[in-house]
Amino acid sequence: MQITVIGTGFVGVVTAAVFAKFGNFVWALDVDKEKVKLLNTGKIFFYEPNLEELVKENLKKNRLKFTSGYQEAVKDSEVIFICVGTPSAPNGQADLKYVFSAAQSLAPFIKDRVIIVIKSTVPPSTNRKIDQIIERKTKNKFFSASIPEFLKEGTAVADALNPQRVIIGSTNKWVVAKLLDLHKPLQGPKIVMRPESAQLTKYAANAYLATRIAFINEIANLCEKTGADIEEIIQGLGADERIGSHYWYPGPGYGGSCFPKDVKELAAFASGIGERDGLFEKIDRLNEERIPKLITKISQRIGRLSGKKVAVLGLSFKPNTSDMREAPSTKFIPLLLKSGATVIAYDPKAVPSARKLFQEAVSFTTSPYKAADGADVLLLLTEWDEFKQLNLEKIKKVMRGRIFIDTRNIYDPQKVKKQGFQYIGVGR
Ligand SMILES: NC(=O)c1ccc[n+]([C@@H]2O[C@H](COP(=O)([O-])OP(=O)(O)OC[C@H]3O[C@@H](n4cnc5c(N)ncnc54)[C@H](O)[C@@H]3O)[C@@H](O)[C@H]2O)c1
């Protein structure tokens with residue numbers, strides 16, 4: 001089948017490469033000509049394990065082409081995926097301008113009976129707006145559907161090849177049959193539902209995971225006041241099958257390109273239809289307040305930050321990605337700098353993005369030990385594997401101070417303290 005993917009960000013590149021791998025011919029389109037140029041050489045502008053290899057393989061087999069030209073990308077395709085960004089507007093609502101603009105641009109070139117699938121995360125009822133935009137620009141028959149994306153950065157290729165579910169939002173039997181056929185090579189359940197349900201399922205899934213993070217951080221706060229240990233509590237909670245031991249991450253709160261904006265968008269959407277002051281607003285507020293509160297707690301324990309040299313380990317919002325959107329580092333570092341601390345940072349993959357963001361305000365280095373050299377405080381922000389077994393002896397030798405802040409609870413506090421550090425974790 002010939003298909004088109006519009007928007008070659010994280011979701012678009014993965015979607016295009018995976019459908020090409022299954023033998024489809026895929027046009028992947030982006031308005032950013034620089035990105036398109038780079039992608040046509042097989043280079044990816046972000047780090048995602050195994051993605052570059054997959055793109056290169058499919059370019060070589062002539063099953064994948066990147067372009068900025070809507071006409072050539074759209075005119076012969078049977079299915080078009082819209083994968084453009086949907087950031088939050090200042091009022092928290094999903095800003096759909098990129099989705100609408102993509103719809104407007106593709107409409108004049110579609111062939112008859114094309115299926116236009118929204119993969120971007122959008123609020124329920126967006127399909128109807130897309131339909132209206134397209135109807136104004138074509139006489140051809142088309143169908144819109146919604147297939148929200150659930151991949152996780154860092155494991156995006158594996159997730160896209162082995163999704164835990166594919167949700168197909170359409171009430172049209174022919175459309176459903178065609179989309180099921182396109183997704184046939186993918187293992188896992190295919191769940192067919194109304195487009196509105198599909199769109200809301202995506203927000204519900206992210207809001208639920210964000211709620212678990214906010215919840216465990218609330219319990220961690222209580223631990224810090226009572227001598228309880230959050231890691232012990234997680235074991236106790238996890239033993240209950242109704243709760244489970246997975247997905248408990250006490251720490252600096254949730255970040256990344258999805259959770260913060262999706263919770264905000266769901267809260268704004270709920271409020272817009274009369275469900276005000278609900279859970280999602282509260283979760284969003286707790287997350288916004290999380291890092292400023294952590295900084296206050298930290299400075300209560302270690303004294304003034306002014307004049308201290310802080311070695312930051314980890315800049316991406318989670319391991320195995322270079323993505324810094326809403327990463328804890330983007331909130332911690334400005335607050336540290338504002339308090340008069342100096343910051344030297346290391347990350348295995350995110351330094352180029354961080355350099356653009358912080359410019360001269362932060363120095364960057366090439367290993368955790370170089371970052372620790374002469375530092376008063378070691379601040380571990382992202383749980384990259386290479387930070388999990390640091391040589392504490394070596395760290396102690398090179399550091400000026402003895403403060404070890406482990407915002408991901410990677411280390412055993414007793415072991416770190418034994419080395420002579422002051423250990424500060426979360427909820428312990
Ligand atoms: N990143 C994730 O992990 C993830 C996971 C699941 C769902 N999503 C959702 O998928 C969507 C895309 O996310 P992303 O992270 O890939 O976004 P992104 O910002 O990385 O990429 C979006 C791309 O769309 C392009 N674009 C914007 N307007 C365009 C237009 N009119 N025509 C063609 N291209 C255009 C941009 O240039 C950009 O390259 C969002 O709605 C997001 O919420 C993202």
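All figures in this text were calculated on a predicted structure; none of them were measured in a lab. We count ligands from 1, going down the list as the structure has it; atoms in each ligand are counted the same way.
- The residue among D262, V11, L39, T86 with a heavy atom at the shortest distance from atom 8 (N) of ligand 1 is V11.
- Considering only non-hydrogen protein atoms, atom 30 (C) of ligand 1 sits nearest to Y70 OH, 3.6 Å.
- If you look at C258 next to ligand 1, the close heavy atoms, those under 4.0 Å, all belong to the side chain.
- In terms of protein heavy-atom proximity, atom 29 (C) of ligand 1 is closest to V84 CG1, 3.5 Å.
- The cationic atom of K202 (NZ for Lys, CZ for Arg) lies less than 6.0 Å from the six-membered ring centre of F150 and within 45° of the ring axis.
- Summarising the contacts of atom 28 (N) of ligand 1 with F45, F259, F10, Y98, the nearest heavy atom is found in Y98.
- For the ring pair (Phe, Tyr, Trp, His ring centres under 6.0 Å) test, residues two or more places apart in sequence or in another chain that qualify with F25 are W27.
- Ligand 1 does not have S105 within reach: every non-hydrogen atom of the residue lies 4.0 Å or more from it.
- In the candidate list C83, G9, S120, C83 is nearest to atom 12 (C) of ligand 1, counting heavy atoms.
- G7 CA, 3.5 Å is the protein heavy atom nearest to atom 24 (O) of ligand 1.
- Of the candidates R325, E265, E153, the one placing a heavy atom closest to atom 2 (C) of ligand 1 is E153.
- By heavy-atom distance, the residue among I82, D30, V5 lying nearest atom 37 (O) of ligand 1 is D30.
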Side-chain donor-acceptor pairs of residues 208-222 under 3.5 Å, sequence neighbours excluded:
{"from": "Y208", "atom 1": "OH", "to": "R212", "atom 2": "NH1", "distance (Å)": "3.0"}
{"from": "T211", "atom 1": "OG1", "to": "A207", "atom 2": "O", "distance (Å)": "2.6"}
{"from": "R212", "atom 1": "NE", "to": "Y247", "atom 2": "O", "distance (Å)": "3.2"}
{"from": "R212", "atom 1": "NH1", "to": "I243", "atom 2": "O", "distance (Å)": "3.3"}
{"from": "R212", "atom 1": "NH2", "to": "I243", "atom 2": "O", "distance (Å)": "3.4"}
{"from": "R212", "atom 1": "NH2", "to": "H246", "atom 2": "O", "distance (Å)": "2.6"}
{"from": "N217", "atom 1": "OD1", "to": "G251", "atom 2": "N", "distance (Å)": "2.9"}
{"from": "N217", "atom 1": "OD1", "to": "R290", "atom 2": "NH2", "distance (Å)": "3.4"}
{"from": "N217", "atom 1": "ND2", "to": "I213", "atom 2": "O", "distance (Å)": "3.4"}
{"from": "N217", "atom 1": "ND2", "to": "G251", "atom 2": "O", "distance (Å)": "3.4"}
{"from": "N221", "atom 1": "OD1", "to": "R290", "atom 2": "NH1", "distance (Å)": "3.0"}
{"from": "N221", "atom 1": "OD1", "to": "K297", "atom 2": "NZ", "distance (Å)": "2.9"}

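- The only option from V312, L337, L379 that meets the side-chain contact (heavy atoms from CB on, under 4.5 Å) definition with F332 turns out to be L379.
- For atom 6 (C) of ligand 1, the candidate residues are K33, E149, K35, E34; the nearest heavy-atom contact is made by E149.
- Using a cutoff of 4.0 Å between basic side-chain nitrogens and carboxylate oxygens, R325 and E153 are scored as salt-bridged.
- With no hydrogens or angles considered, no side-chain donor-acceptor pair links Q2 and N24 at under 3.5 Å.
- Between K264 and E326 no salt bridge is recorded (no basic side-chain N to carboxylate O distance below 4.0 Å).
- Of the protein's heavy atoms, G85 N, 3.5 Å lies nearest to atom 22 (C) of ligand 1.
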